[in-house]
Amino acid sequence: MSKRIKRNWYVPKDREMTDFDRRILSYQNKGKLVPSPKLIKTPEQIEGIRRAGFINTGALDLVEGEIRPGMSTEDINRLVHEFTIAHGAIPASLNYEGFPKSVCTSVNEVVCHGIPSEDEILEEGDIINVDCTTILDGYYADASRMFIVGGKTTPEKEQLVRVTRECLDIGIKAAKPWHFIGDIGKAIGKYAHRFGYGVVRDLAGHGVGNAFHEDPEVNHYDTHRDGMLIVPGMVFTIEPMINMGTWQVFIDEEDGWTVVTEDELPSAQWEHTLLVTEDGLEILTH
Ligand code: MF3
Ligand code: CO
Ligand code: CO
């Protein structure tokens, strides 16, 4: 049984068919999943996402300069929240589907969606993902980085952080216009497995820009599927979550958010918001 793919593309009534339409329709007619017209951002929308990206990058730079042993993850939340508000923007995570804080802070075996807390004190050698999403004038930008608290950790955790960063870069290089989203996870999975790492399957990258989470779904493992056609003007994240051990994860029942590795070995993640151009991906969250 094969799943019927939605025919997303159409020529809007207010204009003639172009070569761009014809090119997308030719894939759609071959049964490929293609974006809907609203996923192709206008120059004005791209500018808006870029501006949200500047503030988002500023917040992560601030954290990078301030993070140190003895700090609580709530201290990081406060830094991000106040910086974002001071720049006329809104932290997208706050109250998103009930999430209680302005940023996600995911320490060691926490994969993602860690909730900042006054009681969680960072120690030298911890590895932490800080995932920040900013709304400015209705436009969204989403990015995350890893930090090694105190600058030094074990060689194993250091390698995990570095290889995960490389997985993001490899994913970015694999995503070419008129290729497929499925190429991203294929490339990332192949590289991560060389180190014996697990690639998280339960969470994916996503379209972003006019909302927090849009199509397409961007898997970081090899699904053996093409996924959506990559078309200039699309904006999406790549955000591999790479585990030192098993790829399997569970959600903390107490808070309903915190995603933890099944074997409680460490996990790392890096994320950028990316614009598809004629010749590749442009990072909007540098
Ligand atoms: N920033 C995360 C992502 O990359 C989503 C966090 S949702 C939250 O998609 F509610 F936990 F903040
Ligand atoms: Co994010
Ligand atoms: Co994201």
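Quick note: residue numbers are just sequence positions, from 1. Remember, it's 1-based here, ligands and their atoms both numbered in the order they're listed.
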**S36 and N8: CA distance, side-chain angles, deciding distance, side chain to side chain donor-acceptor pair (under 3.5 Å) verdict** = CA-CA 5 Å; S36 65; N8 286 328; 5.6 Å; no
**Message:** Could you tell me if the side chain of K101 sits less than 4.5 Å from the side chain of H81, heavy atoms only?
**Reply:** no
**Fill in**
Taken by chain and residue number, the protein N/O/S atoms under 2.8 Å from the Co ion (ligand 3) read D142 OD2, H206 NE2, E239 OE2, E271 OE2
**Item:** K173/D169 ion pair, N-O < 4.0 Å
**Value:** no
**From T285 atom OG1 to L60 atom CG, the distance as rounded to the nearest 0.5 Å** = 8.5 Å
**pair F54-T134: side-chain heavy atoms closer than 4.5 Å** = no
**Prompt:** Taking everything shown except R51 itself, do over 12 heavy atoms lie less than 6.0 Å from its CZ?
**Reply:** no
**Fill in**
Near ligand 1 (heavy atom, under 4.0 angstrom), the protein residues are S93, Y96, F99, C104, H113, D131, T133, D142, H206, F212, H213, E239, W257, E271
**Under-4.0 Å salt bridge between R78 and E66** = no
**Fill in**
Checking T273, D142, D215 against H206 for side chain to side chain donor-acceptor pair (under 3.5 Å), the one that qualifies is D142
**Asked** Is the number of heavy atoms from other residues, nucleotides or ligands within 6.0 Å of CZ (R162) greater than 12?
**Response** yes
